[in-house]
**Student:** 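Structure incoming, see below.
Not measured: the values here are computed from a predicted model.
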Amino acid sequence: MCGIVGYIGPRQAQDVLLDGLSKLEYRGYDSAGIAVYDHGDIQVAKAVGRLVGLADELTQHPLQGSQGIGHTRWATHGRPSEDNAHPHSGCASDFVVVHNGIIENYMQLREDLEARGHHFSSETDTEVVAHLLEEYWTGELVSTVTNVLKEIRGAYALAIMAKQDPGKLVAVRKHSPLVIGLGNGENFCASDIPALLQYTRTVYILAEGEMAVITKDAVECLDLEGNPIQKQPFEVTWDAVAAEKGGYEHYMLKEIHEQPKAVRDTLSGRISEDGRHVLLPELHMTPDELRNIDRIHIVACGTSYHAGLVGKVAIERLARVPVDVEIASEYRYRDPIVSDRTLIMVISQSGETADTLAALRNAMARGNQVLAITNVLGSSVAREADDVIVTWAGPEISVASTKAYTTQLIALYLFAGYLAQARSTANDDVVAELVRELSSLPDKLENVLEAAPLIQSIAESFSTWDDAFFLGRGLDYSVALEGALKYKEISYIHAEAYPAGELKHGTLALIVDGVPVVALLTQDELFDKMVSNVKEVKARDAYVLGITWVGNEEITKSVDRVLYVPRTIAFLAPLMLVIPLQLLAYYASVARGNDVDKPRNLAKSVTVE
Ligand code: F6R
């Protein structure tokens, strides 16, 4: 998983490439590099570590030229090092290549190339591409690239430049994202749209197996055989500032605060004028097909998986269809029992997560209908699924997912209501109540955000501990899982989520004097049971933060601190609870001095297994 960018036009390429890479650092940040063409020569600069290292290097030794490619890396093949950083060249510096993805047959290719006298200087899979370009050179870049592509297997987005064919970049997409930015007398390519927004809003989103030949005045799209194809440009409507930090200290905090708007945007156009019904006009599934579904498998990873756990409850309760929620990396390798009436739902913020995409493709190959929930229009998941519900959260830059989760929940609740309408499994008033409560959420979420200073002070005291426990029952447990994941991934504090009734079967042994416990108490029918579990940990002197509905005075007798959230139907409680948990993780991370937006060892979009 890496970010790539390319530029050709009148500006200094170095500046455009660095700027673009800074918007792609979320895709990887263990090393970076650029290559710039100028007057018959290609110069390369690389640095290990964050992009700032490369920027310093380029301030001291600038690369002149108005055509170039750049890369920010997250190591897969070969440790982070200058040799392994992209761009890569072959034996000479006639070709430079940046790559996102994995060349699966690189070992065999490398052995063959070495036997023919090629000398390799990195441990990467990518370098074989540069050597193959040398082997297959036809005197012209495009035909050379099409010949090389016949040799390589795997997933890749590539940007390539040749010394002998100046004024041209070739960009190729196969199973890794790539967009082409169309400017005036200048053109671009990048792994993701935010890298282009400062320069253009008109883009081509390359589809699987497409290639773009980019000069400063034109972009020609071809298939991998080199045959021309027609593509429609896409106008990006995000405001450029939406991809920036907008005054917040970190993207994560900005994205947490964007949730009321993201929820509003995701609901927009999906509620009937009388405010009683769900509309999902984008779905192609007919009412008969919806009625025919006899089981749903929800497949996702990480935070998106946690959203799926909530979705299961919503769909089962409203639409009375059994739902299994599966982790994509497990699901793709087992032999799930499905029938032609099983609907597969994949959830992915990025729409590029390798395991989720593989599960989607397996399902399509089996002939199952696939419905995707994704935040990235134009992502692989969005383009390949039969049906898509887009979450209008806008670009999520921080590695830790926040607004994507809340909008995934909205999409799941909407789908549950929609399915219930089609199957007549819920009374009209029940769906109307759901829709009314969903509509009232943005204001309630604003209200929850006002508790940020209180949560900050609690997080600061929690951050001195090396453990934390998140307890809940029913839906509260599903949110506890998300709270614990957020907490551990950015604060680096060990955090565990437990269904509170399970504590006494083992975990209670870990409860010691003062250890932070977050108890979620919104499921009314389970409230008394939860209070008993809180008493169990209090009896072991844990320090308990209870999060519950506003007005619940009784809880103050059982916990050390209380955080109140506005009331909604218990069924929608995850939306109210998750914001305090995100803020708790955020402020604990800040208190520990961590790099909140780029937690160690993690990258935003996991496009490799
Ligand atoms: C955690 C987080 C990850 C992602 C997971 C799936 O904060 O962001 O757990 O949820 O990598 O990513 P998507 O949703 O892009 O498939």
Side-chain angles (χ1 to χ4, degrees), residues 266-300 304 307-326 328 331 335-348 351 356-357 359-374 377 379-392 407-439 571:
T266 303
L267 287 170
S268 165
R270 289 167 170 163
I271 290 178
S272 64
E273 263 180 37
D274 64 3
R276 292 181 60 83
H277 300 99
V278 177
L279 309 174
L280 288 174
E282 61 269 58
L283 293 191
H284 302 109
M285 267 182 278
T286 63
D288 273 351
E289 283 173 327
L290 291 167
R291 279 190 285 273
N292 191 40
I293 297 167
D294 72 349
R295 178 166 288 277
I296 296 177
H297 288 179
I298 297 183
V299 187
S304 298
L309 295 175
V310 176
K312 170 186 167 73
V313 177
I315 294 169
E316 288 187 344
R317 199 170 293 178
L318 290 176
R320 307 307 297 159
V321 184
V323 181
D324 299 309
V325 191
E326 306 252 5
Y331 186 76
D335 185 13
I337 300 172
V338 291
S339 76
D340 55 5
R341 296 175 62 195
T342 310
L343 174 71
I344 310 299
M345 287 178 73
V346 296
I347 308 177
S348 174
T356 308
L357 199 50
L360 176 155
R361 288 178 178 153
N362 291 347
M364 303 280 293
R366 282 194 308 260
N368 281 116
Q369 192 139 28
V370 177
L371 166 63
I373 294 178
T374 183
L377 194 75
S379 64
S380 303
V381 158
R383 290 177 326 95
E384 293 185 31
D386 296 303
D387 268 307
V388 183
I389 302 177
V390 175
T391 53
W392 296 111
T407 53
Q408 285 165 352
L409 293 192
I410 296 294
L412 286 158
Y413 285 119
L414 286 171
F415 181 67
Y418 188 73
L419 199 54
Q421 286 166 188
R423 299 167 70 92
S424 310
T425 44
N427 177 309
D428 251 17
D429 289 342
V430 172
V431 177
E433 185 190 28
L434 169 76
V435 168
R436 191 181 60 243
E437 285 298 319
L438 285 172
S439 310
F571 187 44

**Student:** So do V310 and Y413 actually touch side chain to side chain, heavy atoms under 4.5 Å?
**Tutor:**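 The answer is yes, as the side chains (C-beta and beyond) meet within the 4.5 Å cut-off.
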**Student:** Looking only at non-hydrogen atoms, find the nearest pair between S439 and I271 and report the distance.
**Tutor:**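 Heavy atoms of S439 and I271 come nearest at OG-CD1, 3.5 Å.
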**Student:** Can you name the nearest heavy-atom pair linking M364 to E384, along with the distance?
**Tutor:**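 Shortest heavy-atom contact: CE-O, 3.0 Å.
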**Student:** Minimum heavy-atom separation for V388 and L283, please, with both atom names.
**Tutor:**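 Nearest pair, atom of V388 first, then L283: O-CD2, 4.1 Å.
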**Student:** In chain order, what residues pass the salt bridge (charged side-chain N to carboxylate O under 4.0 Å, His left out) check against E316, with sequence neighbours excluded?
**Tutor:**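 Testing E316 for salt bridge (charged side-chain N to carboxylate O under 4.0 Å, His left out), a comparison that skips the adjacent residues, returns K312.
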**Student:** Using modelled atom types only, decide if a donor and an acceptor are shared between the side chain of R291 and the backbone of A422 within a distance under 3.5 Å.
**Tutor:**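 Side chain of R291 to backbone of A422: a pair is present.
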**Student:** Mind listing the side-chain donor-acceptor pairs of residues 335-345 below 3.5 Å, one per line with the distance, residues two or more places apart or on another chain?
**Tutor:**
residue, atom, partner, partner atom, Å
S339, OG, R341, N, 3.0
R341, NE, N292, O, 2.7
R341, NE, N292, OD1, 3.1
R341, NH2, N292, O, 3.2
T342, OG1, S339, N, 2.8
T342, OG1, S339, O, 3.2

**Student:** If you measure from CD1 on I373 to CG on L409, what distance do you get to the nearest 0.5 Å?
**Tutor:**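 Going from the CD1 atom of I373 to the CG atom of L409 covers 9.5 Å.
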**Student:** Could you check whether atom CZ of R366 has more than 12 heavy atoms from other residues, nucleotides or ligands sitting under 6.0 Å from it?
**Tutor:**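 Yes.
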**Student:** Is there a side-chain contact between S304 and T356 (heavy atoms, below 4.5 Å)?
**Tutor:**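 No, side chains not in contact.
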**Student:** Keeping the roles fixed (side chain from T425, backbone from L318), state whether a donor-acceptor pair exists under 3.5 Å.
**Tutor:**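 It does hold such a pair.
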**Student:** Any non-hydrogen side-chain atom of N368 less than 4.5 Å from a side-chain atom of D386?
**Tutor:**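 No, too far: nothing below the 4.5 Å cut-off.
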**Student:** Side chains of E282 and D387, heavy atoms from C-beta outward: is any pair under 4.5 Å?
**Tutor:**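 They are not in contact (no side-chain heavy atoms under 4.5 Å apart), so the answer is no.
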**Student:** How long is the straight-line distance from CG of L279 back to CG of L414, given to the nearest 0.5 Å?
**Tutor:**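 So the gap between those two atoms works out to 9.5 Å.
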**Student:** Please give me the minimum heavy-atom distance between S380 and R361, naming the atom from each residue.
**Tutor:**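 Smallest interatomic distance, heavy atoms only, reads CB-NH2, 4.4 Å.
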**Student:** Going from CD on Q408 to CD1 on I389, what distance comes out if it is rounded to the nearest 0.5 angstrom?
**Tutor:**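 So the CD of Q408 and the CD1 of I389 are separated by 11.5 Å.
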**Student:** With distance as the sole test, does R423 use its side chain to make a donor-acceptor pair with the main-chain N or O of I293 at under 3.5 Å?
**Tutor:**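 Looks like yes, one N/O pair under 3.5 Å.
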**Student:** Are side-chain heavy atoms of R295 and D324 found at a separation under 4.5 Å?
**Tutor:**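 Answer yes - side chains close enough.
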**Student:** Search all heavy atoms of P281 against all heavy atoms of G269 and return the closest pair with its distance.
**Tutor:**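 Heavy atoms of P281 and G269 come nearest at CD-O, 4.2 Å.
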**Student:** What I want to check is whether the side chains of D274 and S272 have a donor and an acceptor closer together than 3.5 Å.
**Tutor:**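 Present: a donor and an acceptor within the cut-off.
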**Student:** Tell me whether T391 contacts the main-chain N or O of T374 through its side chain, where contact means a donor paired with an acceptor under 3.5 Å.
**Tutor:**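 Indeed, once roles are kept as given, a pair shorter than 3.5 Å links the two residues.
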**Student:** L280 and R270: side chain to side chain contact (heavy atoms under 4.5 Å, CB included), yes or no, with the steps?
**Tutor:** CA-CA 6 Å; L280 288 174; R270 289 167 170 163; 4.0 Å; yes
**Student:** When you compare the side chain of L438 with that of V278, does any pair of heavy atoms fall below 4.5 Å?
**Tutor:**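 Counting from C-beta outward, V278 and L438 never come under 4.5 Å.
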**Student:** Can you confirm whether F415 sits close enough to I315 that some side-chain heavy atom of one is under 4.5 Å from a side-chain heavy atom of the other?
**Tutor:**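 Side-chain contact under 4.5 Å: yes.
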**Student:** Less than 4.5 Å apart, side chain to side chain, heavy atoms only: is that true for H277 and V435?
**Tutor:**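 The answer is no, as the side chains (C-beta and beyond) never meet within the 4.5 Å cut-off.
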**Student:** Report the residues that fulfil ring pair (Phe, Tyr, Trp, His ring centres under 6.0 Å) with Y331, sequence neighbours left out, ordered by chain and then residue number.
**Tutor:**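 Testing Y331 for ring pair (Phe, Tyr, Trp, His ring centres under 6.0 Å), a comparison that skips the adjacent residues, returns H297.
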**Student:** Closest heavy-atom contact between A307 and L412?
**Tutor:**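 Result for this residue pair: O-CD1, 3.3 Å.
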